[in-house]
Structures are given as structure tokens and as C-alpha cells.
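In what follows, a single structure is set out as C-alpha cells and then discussed.
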Amino acid sequence: MMYYVIWDSEKFPPSILHEDQYFQWYNPMRNDHRVEFRGTMNQCYSYVTKRERNQSMLEFH
């Protein structure tokens, strides 16, 4: 199964959606969102965790 990390807005954290939900809620041809990462659910959670950790480290410098 494929999962997507979706970025809607800079104001909100990314969402992790199953591919069925992604195609139900988003149109891949529109530029109203950005797909940050694709993979298994565990890979997506790891990606989001690393991304948030990196962001918080950047804010402290």
C-alpha cells in the first residue's frame, strides 16, 4: 500500500494519507498542495518525524 505525505499550507503540519484518500480528496493536477514523500506508512511517519526534528533544530540556530 502506498501512503503520501501531503503539504497543504505552510501554516499546518503535513498530512499522511492512504493513496485512496489522496485521490478522493486531492486532484494531482492542481497546485493547491505538495506531495512531500511517498512510501509505506512507517516510511511516511519516519519522514515527518525527521522533517519536524530538522525544522526545530533550524529554529534554535
Side-chain angles (χ1 to χ4, degrees):
M1 286 189 222
M2 183 70 69
Y3 288 84
Y4 294 84
V5 176
I6 308 298
W7 197 269
D8 285 302
S9 164
E10 296 297 325
K11 299 176 196 147
F12 300 110
S15 304
I16 297 174
L17 297 175
H18 184 271
E19 63 186 328
D20 292 340
Q21 292 173 317
Y22 171 69
F23 290 112
Q24 184 177 0
W25 293 343
Y26 291 98
N27 179 348
M29 303 308 284
R30 294 194 47 200
N31 292 328
D32 61 349
H33 69 286
R34 185 170 70 228
V35 176
E36 288 273 319
F37 185 82
R38 292 180 185 91
T40 66
M41 181 179 278
N42 287 341
Q43 289 170 330
C44 288
Y45 276 111
S46 294
Y47 174 81
V48 170
T49 303
K50 287 178 190 172
R51 187 183 194 287
E52 288 176 357
R53 190 168 37 225
N54 289 342
Q55 288 287 31
S56 63
M57 291 176 85
L58 288 174
E59 292 171 3
F60 289 123
H61 286 75

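If you read the sequence from its start, that first residue is 1, and numbering goes on from there.
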Applying the 4.5 Å side-chain criterion to the ILVMFWY set and letting contacts propagate, would Met41 and Leu17 be lumped into a single cluster?
no
Sequence neighbours left out, what passes side chain to side chain donor-acceptor pair (under 3.5 Å) with Tyr22? Give chain and number order.
His33
Taken in chain and number order and not counting sequence neighbours, the residues that satisfy side chain to side chain donor-acceptor pair (under 3.5 Å) with Trp7 are Glu10
Between Phe23 and Met2, is there a shared hydrophobic cluster once you connect ILVMFWY residues whose side-chain heavy atoms come closer than 4.5 Å?
yes
Applying side chain to side chain donor-acceptor pair (under 3.5 Å) to Arg38 and not counting sequence neighbours gives none
Contacts of Glu36 that satisfy salt bridge (Lys or Arg N to Asp or Glu O under 4.0 Å) - sequence neighbours left out
Arg34, Arg51
Tell me whether Tyr4 shares a hydrophobic cluster with Phe37, the cluster being built from Ile, Leu, Val, Met, Phe, Trp, Tyr side chains joined at under 4.5 Å.
no
If hydrophobic clusters are built by linking Ile, Leu, Val, Met, Phe, Trp and Tyr wherever their side-chain heavy atoms come under 4.5 Å apart, do Met1 and Tyr45 end up in the same one?
yes
Apply side-chain contact (heavy atoms from CB on, under 4.5 Å) to residues Ile6 and Val35 and explain how you reach the verdict.
CA-CA 5 Å; Ile6 308 298; Val35 176; 3.8 Å; yes
Taken in chain and number order and not counting sequence neighbours, the residues that satisfy side-chain contact (heavy atoms from CB on, under 4.5 Å) with Ser46 are none
Residues in side-chain contact (heavy atoms from CB on, under 4.5 Å) contact with Asn27, at least two apart in sequence or another chain
Met29, Arg30
In Å, rounded to the nearest 0.5 Å, how long is the span from OG of Ser15 to OH of Tyr26?
5.0 Å
Under the side chain to side chain donor-acceptor pair (under 3.5 Å) test, which residues partner Tyr3, sequence neighbours left out?
none
